[in-house]
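So the structure is just underneath, and the comments pick up after that.
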Amino acid sequence: MNVKNILDFNYNDLKKYLTENIGLEKYRTDQICDWIYKKKIFDFQEMTNLSKTDRDILTENFQISIPYLIKKQVSKVDGTTKYLFELEDGNTVESVLIFYPNRTIACISSQVGCPLKCEFCSTGQSGFIRNLSSGEIIGQLLAIEKDKNLEINNVVYMGMGEPLLNFDNVIRSIEILNDPKMKRLGARHITISTAGIPHKIEELAEYKKEIRLSVSLHAPTNAQRNKIMPVNHKYTIEQVVQACKIYQEKTNKRVTFEYILIKGFNDTKEDALKLADLIGNMKAMVNLIPINENPAGFEKPSKRFIEIFLDTLIKAGIDAVVRAEKGSDILAACGQLRLKKIGVSYK
Ligand code: SAH
């Protein structure tokens with residue numbers, strides 16, 4: 001029998017499958033979702049309001065495939081927790097739990113490895129292996145909630161991989177996160193971060209949910225961006241920004257641009273002015289990120305350069321902030337997640 005991962009199902013598909021394929025009564029769907037997404041019970045036999053027969057049928061047909069926790073590191077600085085999970089086929093992904101006042105954010109992976117190979121990002125170094133299923137994306141979140149006995153209230157697709165290159169599974173995972181019968185997470189609390197795949201950004205603009213879009217720009221010109229993001233050879237910076245503009249106009253939502261600051265590369269006042277020019281005619285905000293430890297050996301600019309960059313953007317009328325680093329002692333920040341087997345990635 002073909003055993004399915006129940007976490008791959010959105011609400012409607014699950015209800016249909018349970019009633020039509022295995023003959024459960026309709027209202028059972030809500031009960032099962034409640035056990036999994038609210039009570040974090042991952043064994044059908046523990047779902048005590050179901051009959052023994054139903055529990056057995058479910059066990060025969062489905063797995064509740066929560067990724068296996070291989071390793072966990074907790075930051076002494078701010079409690080940020082980095083997880084290494086193993087999937088059913090032995091591949092591993094990392095996820096991060098970040099604490100803010102009144103908010104818990106899960107940074108989750110959408111692919112095993114990444115095909116984009118950005119110079120500054122550790123994930124690309126180990127190549128691309130495969131897309132995650134929607135259930136594997138959701139599984140990371142449930143595993144973290146169960147481990148910490150808390151509710152995550154923000155999800156960012158900023159772990160490993162390029163979410164827009166795994167579009168269908170990412171969208172299905174968002175439906176599951178957002179569904180009032182499933183994870184019940186407001187769409188505004190979900191952020192997709194992309195290196196910029198223009199036609200996929202436009203496709204996302206048609207998607208009616210209020211999710212947030214974050215675009216990793218990292219440079220103000222093609223000449224600079226080509227050097228650090230190979231994907232820019234395929235889609236120019238103008239194409240990316242144009243797609244963002246369409247997205248912004250169609251959804252009436254502000255787009256966030258992520259901009260890594262790299263010493264001596266993209267950190268001057270002139271760079272800031274070019275950036276302001278590029279995105280000045282749309283509703284946008286800029287997240288400045290002094291670069292974290294990275295495989296290319298790039299360094300952070302000095303405080304002074306960061307301040308001038310920020311100030312220049314603000315004076316040009318662009319909303320901008322410098323993002324605070326989290327989990328610095330455990331290398332849990334953006335782009336520091338690495339796909340390696342147990343032990344090696346934490347040296
Ligand atoms: N592929 C998607 C999401 C994964 S990367 C994207 O490109 O947006 C999540 C974020 O981490 C991106 O903004 C990425 O550019 C950033 N990042 C990667 N390496 C980094 C590093 N060494 N320092 C700071 N940010 C980094």
Side-chain angles (χ1 to χ4, degrees), residues 80 82 93-96 98 105-129 131-132 137 140 154-167 169-170 173-174 190-198 200-201 204 211-219 224-225 227-232 234-235 237 240 243-244 247 255-263 265-267 284-301 306 321-328 330-339 345:
T80 299
K82 180 157 94 164
V93 289
E94 294 186 9
S95 323
V96 182
I98 307 156
I105 305 183
C107 174
I108 56 176
S109 296
S110 56
Q111 298 182 316
V112 182
C114 184
L116 296 184
K117 301 200 167 3
C118 299
E119 282 288 314
F120 46 80
C121 180
S122 301
T123 301
Q125 301 302 307
S126 34
F128 171 66
I129 298 182
N131 283 331
L132 296 188
I137 297 173
Q140 298 166 58
N154 278 266
V155 171
V156 294
Y157 289 77
M158 288 188 188
M160 297 172 161
E162 170 48 49
L164 295 190
L165 293 181
N166 184 14
F167 196 83
N169 292 344
V170 163
S173 70
I174 290 173
I190 302 171
T191 302
I192 288 193
S193 178
T194 176
I197 315 290
K200 290 293 173 187
I201 293 177
L204 201 61
I211 56 169
R212 291 175 194 271
L213 177 67
S214 200
V215 176
S216 302
L217 209 54
H218 302 334
Q224 282 160 297
R225 202 167 187 259
K227 288 194 183 137
I228 52 171
M229 297 179 72
V231 67
N232 198 71
K234 193 160 181 190
Y235 308 114
I237 210 164
V240 173
C244 292
Y247 179 91
V255 175
T256 300
F257 289 104
E258 308 285 336
Y259 190 100
I260 295 178
L261 285 165
I262 303 173
K263 184 177 180 178
F265 176 73
N266 64 359
D267 61 343
M285 85 154 270
V286 175
N287 244 338
L288 296 173
I289 312 155
I291 188 145
N292 298 314
E293 200 175 289
N294 65 88
F298 293 135
E299 289 171 30
K300 291 183 206 289
I306 297 171
V321 292
V322 178
R323 190 153 77 194
E325 196 182 344
K326 293 278 184 178
S328 52
I330 55 166
L331 299 185
C334 276
Q336 293 181 303
L337 308 182
R338 240 178 318 178
L339 185 73
S345 62

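One-based numbering, in listed order, for ligands and for the atoms of each. Heavy atoms only: backbone and side chains are in, while hydrogens, waters and symmetry mates are out.
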Exercise. At a non-hydrogen distance cut-off of under 4.0 Å, which region of Thr194 contacts ligand 1 (side chain, backbone, both, or neither)?
Worked result: backbone

Seminar exercise, completed: The answer for which part of Asn292 has a heavy atom under 4.0 Å from ligand 1 is both

Hey, does the side chain of [X] reach the backbone of [Y] with a donor-acceptor pair shorter than 3.5 angstrom?
X	Y	value
Asn166	Leu132	yes
Lys300	Ile291	yes
Asn287	Val322	no
Tyr157	Glu162	no
His218	Glu258	yes

Suppose I only count heavy atoms of [X] and a 4.0 Å limit; which atoms of ligand 1 are within that range?
X	answer
Glu293	22 (N)
Cys121	18 (C), 19 (N)
Ala195	6 (C), 7 (O), 8 (O)
His218	13 (O), 14 (C), 15 (O)

N or O contact, [X] vs ligand 1, cut-off under 3.5 Å:
X	answer
Tyr157	no
Ile291	no
Asn294	no
Ser122	no

For this session: Could you walk me through whether Gln111 and Asn131 pass the side-chain hydrogen bond (donor to acceptor under 3.5 Å, both in side chains) test, one step at a time?
Result: CA-CA 4 Å; Gln111 298 182 316; Asn131 283 331; 2.8 Å; yes

Exercise. Hey, what's the ring geometry for Phe265 with Phe298, parallel, tilted or perpendicular (30° and 60° as the breaks)?
Worked result: parallel

Problem set entry | Test item, Cys114 contacting ligand 1 (heavy atom, 4.0 angstrom) | no

For this session: Check each of Val255, Leu217, Thr194 against Cys244 using the side-chain contact (heavy atoms from CB on, under 4.5 Å) test, and report the only one that passes.
Result: Val255

Exercise. Should one rank Gly196, Pro115, Ser216, Gly161 by closest heavy-atom distance to atom 6 (C) of ligand 1, which comes out on top?
Worked result: Ser216

